[in-house]
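A short worksheet on the structure shown next.
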Amino acid sequence: AIESREIVMQTAATLKEVCERLGIQLYFKSSFDKANRTSPSMRGVGMEKGLEILKEVKQTYGLPILTDVHESWQCAKVAEVADVLQIPAFLARQTDLLEAAAKTGKIVNVKKGQFMAPWDMRGAIAKIEANQPNKFIESKNIWLTERGSSFGYGNIVVDMTSLVKMREYGYPVVFDATHSVQQP
């Protein structure tokens with residue numbers, strides 16, 4: 001979550017420097033609102049201020065921006081700044097949100113919910129494909145993110161075959177290891 005402009009700008013500068021040195025493509029990701037946290041904690045600075053900060057990162061460092069959207073009404077406004085709209089895992093089945101994100105014409109990154117099997121992502125893909133304004137599916141404007149599946153009480157385990165299965169759907173697959181290494 002965006003805590004302050006200063007932290008975001010310092011982080012963006014450092015990440016850009018490191019990624020350029022290593023030859024790695026960087027999408028800068030930060031959230032103006034982390035509305036889906038398990039425990040009460042810092043949610044972010046809000047949409048208006050958060051988008052101002054992310055726009056500054058984009059203009060200052062020339063980095064593409066990725067951020068979460070939680071409600072369908074946010075998508076058009078967020079798409080004015082972000083290059084990628086990310087659908088949080090708990091919202092991966094929300095039809096109105098997926099459709100609104102697709103209608104922006106931006107890349108839509110859907111994080112597979114820990115309660116979903118990899119083949120359940122076909123539903124999210126279909127909702128996005130049906131609502132893309134230009135139907136330019138070959139441009140890979142859908143990303144699928146694997147973050148693991150719930151196992152027991154709070155442990156998230158990654159089934160690596162899920163990455164292979166989701167790749168069969170023809171879109172880039174991202175592996176988010178952060179959740180599977182947490183100790184809840």
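Lys55 places no side-chain N or O within 3.5 Å of a backbone atom of Gln59 that could act as its donor or acceptor partner. At distances below 3.5 Å, at least one donor-acceptor pair connects side-chain atoms of Thr104 with backbone N or O atoms of Lys106. Judged by distance alone, with hydrogens and angles left aside, the side-chain atoms of Asp120 form a donor-acceptor pair with the main-chain N or O of Ala117 at under 3.5 Å.
Put simply, Ile107 and Ile65 are part of two different groups of oily side chains (I, L, V, M, F, W, Y) that touch within less than 4.5 Å, one to the next. Under the 4.5 Å side-chain heavy-atom criterion for grouping Ile, Leu, Val, Met, Phe, Trp and Tyr, Leu15 is connected to Val81 within one hydrophobic cluster. Following chains of ILVMFWY side-chain contacts shorter than 4.5 Å, one can reach Tyr171 starting from Leu163, so the two form part of one hydrophobic cluster.
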Glu17 and Tyr61: CA distance, side-chain angles, deciding distance, side chain to side chain donor-acceptor pair (under 3.5 Å) verdict: CA-CA 10 Å; Glu17 178 187 325; Tyr61 300 108; over 6 Å; no
Please report the C-alpha distance between Glu146 and Ser162 in whole Å, then the side-chain angles of each, then the deciding distance to 0.1 Å, and finally whether the side chain to side chain donor-acceptor pair (under 3.5 Å) criterion is met. CA-CA 7 Å; Glu146 173 59 70; Ser162 177; 2.3 Å; yes
Check the pair Thr60, Lys58 against side chain to side chain donor-acceptor pair (under 3.5 Å), reporting the backbone distance first and the verdict last. CA-CA 6 Å; Thr60 303; Lys58 188 174 196 168; over 6 Å; no
Go through it in stages, so that I can follow the logic: the residues are Asn109 and Thr145, the test is side chain to side chain donor-acceptor pair (under 3.5 Å), and I'd like the CA-CA distance, side-chain angles, deciding distance and then a yes or no. CA-CA 7 Å; Asn109 180 35; Thr145 295; 2.7 Å; yes
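Looking at heavy atoms from C-beta onward, Val78 lies in side-chain contact with Phe32 at the 4.5 angstrom threshold. Contact of the Cys75 side chain with the Leu85 side chain is registered, since non-hydrogen atoms from C-beta on lie closer than 4.5 Å. Side-chain atoms of Arg93 and Phe115, non-hydrogen and from C-beta on, do get closer than 4.5 Å to each other. A heavy-atom distance below 4.5 Å is found between the side chains of Lys111 and Asp176. Considering only heavy atoms from C-beta on, Val108 stays 4.5 Å or farther from Val84 through its side chain. Put simply, the side chain of Leu54 reaches to within 4.5 Å of the side chain of Ile2, judged on heavy atoms.
Taking a 6.0 Å sphere around CD of Glu6, one finds it holds more than 12 heavy atoms contributed by other residues, nucleotides or ligands.
Ring pair Trp119/Tyr169: centre-to-centre distance not below 6.0 Å.
Pairing each heavy atom of His70 with each of Leu97, the nearest pair is O-CD2, 3.9 Å.
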